[in-house]
S.K.: 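Encoded as structure tokens, here's the structure I'll be asking about.
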Amino acid sequence: MKFGVWFCILSVPFNMSKLFALLDCNNFFVSCERVFNPSLRHKPVVVLSNNDGCVIARSNEAKALGVPMGAPFFKCKELLQRHRVAVYSANFPLYGDLSGRVMQTASEFTPELEIYSIDEAFLHLDNMPEPYEYVKSARETIRRHTGMPVSIGVAATKTLAKAANHIAKKHSTDGIFCLQDQETIDRWLRETPVEGIWGIGYNKGDFLKRQGVLTALQLKEMPDAWIKQNLSIGSLKTVWELRGIPCLESQDNAIDKRAITTSRTFAKEVTSLEELSEPIAAYIANASEKLRSQQSVCGYVQVYLTTNRFKRERYYANAAGIDLTPPTAYTPDLIAIAQKLVKSIYKPGYGYKKAGVVLSNLQPQSTVQDFLFEPTYDSSRRQKLMDIMDHWNNRRNTAKVFLAAEGMGQDWYNEAYKSKRFTTRWDELLEINI
DNA sequence: TCTGGGGTCCTAGGACCC
DNA sequence: TCTGGGGTCCTAGGACCC
């Protein structure tokens, strides 16, 4: 482990000055809705999670009204109505498309762009002489090309760039902050509670506070051995990053996912095995489409079920999985296996509230060896059938091809406040009346 | 009545072997 | 049959992130 940390230092040549910019879209989902509906600007807006369950994005005006992040919709509905807050159901096709446009524009400003999440990316700006002017121009270009407001923080490590971004959002007038001179860094560290650091969550923050480590500055000054013994090697990296030593490796964006999950909460409780079969089939179809889009096959499939986790009485949750030999990405086989798995964990007499599937042990389709007795995914007509289905389903504005097992898309979920898919469906284009 | 979804990484502990 | 220590590998679950 020690070697790993030393390697972090040695891998940075001394004459090379590392510099990172963290670009973060402001209130991303809300901003997406505003791009296509400018009348929402300067008004309180929230976006709800799937099934209209929780608040997952808030405009600054909604934050000012005291709408908490993650608040269950039913608990704050009255507050939202009272203040005439605009409410939207999550529209992930729209957000994913806008995210792609923002990242594309950002990538024109750096040879190395690390996409960290749907609304965040690190730009590598090593040895950049005038980072402020540079990211300012990036920010303006993104705004002009996509309509998306972003904040940018610049610093010598990713953890500090994250902090700089936070300062840019809260305190700067132009959405940009460079956290570079040591005096400013230490002043910020002194004023920041330890749980405000990227990588220190609720549990570690709570532990640190009980140990008397209250601020980011105190954390930075704790001995390495203590951090390693009481927290983890990951936390030690965080501490070194606070000291200005880059320890977080680049995430190669080309690396494929290690697992693919699809799950949903149902609008109502589902009781019969037959009713559970359809959403499970639909989740497998969804997950295996993602699997094929990264040219992978999966070697393990898992299915899980759970009743309402907020109800103490009659709670039941279970999962079952199975190794796949040979690994596959063939939807019909995966559905058949998933149906057997769900049957093995289903218990009658319970009202199920959520179900999901996980595809894991992913490997590139090209490396799968031939099996003597079993046809592999790519050695038969199966792959061709999937290719045709994917091709058809990826065309914009065509009816989706799906398997009968997925059902006709009953009203499993709530989404009462959904905006149109302005950028991915011809029949939902924005209409302008002149 | 109504409480999200999709990831990654690390660690503790069990199984197994010598 | 009982005794011990040390190592690897795997997996479930915790912690964290957006």
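This one's a predicted model, so the numbers in the text were calculated from it and none came from an experiment. Naming convention: chains lettered A, B, ... in sequence-line order (proteins, then strands); numbering from 1 in each chain.
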S.K.: What does the B/S/- profile of nucleotides 4-9 of chain B look like, 5' to 3', with a 4.0 Å heavy-atom cutoff to protein?
M.R.: BSSSSS
S.K.: Can you build the contact string for nucleotides 12-18 of chain C? Use B for base contact, S for sugar-phosphate-only contact, and - for no protein heavy atom under 4.0 Å.
M.R.: ---SSSS
S.K.: Per the side-chain hydrogen bond (donor to acceptor under 3.5 Å, both in side chains) rule, what does the pair list look like for residues 48-73 of chain A, sequence neighbours excluded?
M.R.: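 side-chain hydrogen bond (donor to acceptor under 3.5 Å, both in side chains) check on residues 48-73 of chain A returns A/Asn27-A/Asn60, A/Asn27-A/Lys63, A/Arg34-A/Glu61, A/Asp52-A/Ser89, A/Ser59-A/Glu61.
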S.K.: If you look only at pairs with a residue in residues 310-348 of chain A, which of them pass as a ring pair (Phe, Tyr, Trp, His ring centres under 6.0 Å), with sequence neighbours excluded?
M.R.: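 Sorted result for residues 310-348 of chain A: A/Tyr316-A/Tyr350, A/Tyr346-A/Tyr352.
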S.K.: Would you kindly give the CG-to-C1' distance between A/Asn308 and B/dT3, to the nearest whole Å?
M.R.: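 Going from A/Asn308 (CG) to B/dT3 (C1'), I get 8 Å.
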S.K.: If I take atom NZ in residue A/Lys268 and atom P in nucleotide B/dT3, what distance separates them, rounded to the nearest angstrom?
M.R.: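 The distance from NZ of A/Lys268 to P of B/dT3 comes to 13 Å, rounded to the nearest Å.
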S.K.: Should A/Val150 and A/Arg143 count as side-chain neighbours, where that means a heavy-atom distance under 4.5 Å?
M.R.: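 Not touching, per the 4.5 Å side-chain cut-off.
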S.K.: Counting Watson-Crick and G-U wobble pairs with both distances under 3.5 Å, what is the dot-bracket string for DNA chain C, 5' to 3', using [ ] for crossing pairs and | for pairs to another strand?
M.R.: ....||||||||||||||
S.K.: Give me each pair satisfying ring pair (Phe, Tyr, Trp, His ring centres under 6.0 Å) with a member in residues 96-115 of chain A, each pair once, sequence neighbours excluded.
M.R.: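 Residue pairs with at least one partner in residues 96-115 of chain A: A/Phe109-A/Tyr134.
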S.K.: Who passes side-chain contact (heavy atoms from CB on, under 4.5 Å) against A/Ala57, sequence neighbours left out?
M.R.: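 A/Phe29, A/Val30, A/Val47.
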S.K.: Can you list everything that forms a ring pair (Phe, Tyr, Trp, His ring centres under 6.0 Å) with A/Tyr417? Sequence neighbours excluded, please.
M.R.: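 By the ring pair (Phe, Tyr, Trp, His ring centres under 6.0 Å) rule, A/Tyr417 matches A/Phe73.
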S.K.: Using the C1' atom as the point on both nucleotides, what is the distance between C/dC17 and B/dG4, in whole Å?
M.R.: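 Straight-line distance between the two C1' atoms is 15 Å.
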S.K.: Mapping A/Ser232 and A/Lys311 to their closest nucleotides on DNA chain B, which lands nearer the 5' end?
M.R.: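 That would be A/Lys311.
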S.K.: Could you tell me which non-hydrogen atom of A/Ala355 sits nearest to which non-hydrogen atom of A/Ile280, and how far apart they are?
M.R.: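 For A/Ala355 and A/Ile280, the tightest heavy-atom pair comes out as CB-CD1, 4.0 Å.
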S.K.: State which residues pass side chain to side chain donor-acceptor pair (under 3.5 Å) with A/Thr367; sequence neighbours excluded, sorted by chain then number.
M.R.: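 A/Thr367 satisfies side chain to side chain donor-acceptor pair (under 3.5 Å) with no residue once adjacent residues are dropped.
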S.K.: Grab the NZ-P distance between A/Lys77 and B/dT1 for me, whole Å please.
M.R.: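 Checked: the NZ to P distance equals 14 Å.
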S.K.: How would you list, by chain and number, every residue that makes a ring pair (Phe, Tyr, Trp, His ring centres under 6.0 Å) with A/Trp188, sequence neighbours excluded?
M.R.: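 A/Trp188 satisfies ring pair (Phe, Tyr, Trp, His ring centres under 6.0 Å) with no residue once adjacent residues are dropped.
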S.K.: Output all residues satisfying side-chain contact (heavy atoms from CB on, under 4.5 Å) with A/Ala164, sequence neighbours left out; order by chain, then residue number.
M.R.: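 Residues passing side-chain contact (heavy atoms from CB on, under 4.5 Å) with A/Ala164: A/Phe177, A/Leu179.
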S.K.: Return the set of residues passing salt bridge (charged side-chain N to carboxylate O under 4.0 Å, His left out) with A/Lys418 (not counting sequence neighbours), or none when no residue passes.
M.R.: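 In terms of salt bridge (charged side-chain N to carboxylate O under 4.0 Å, His left out), with neighbours along the sequence ignored, A/Lys418 is linked to A/Glu415.
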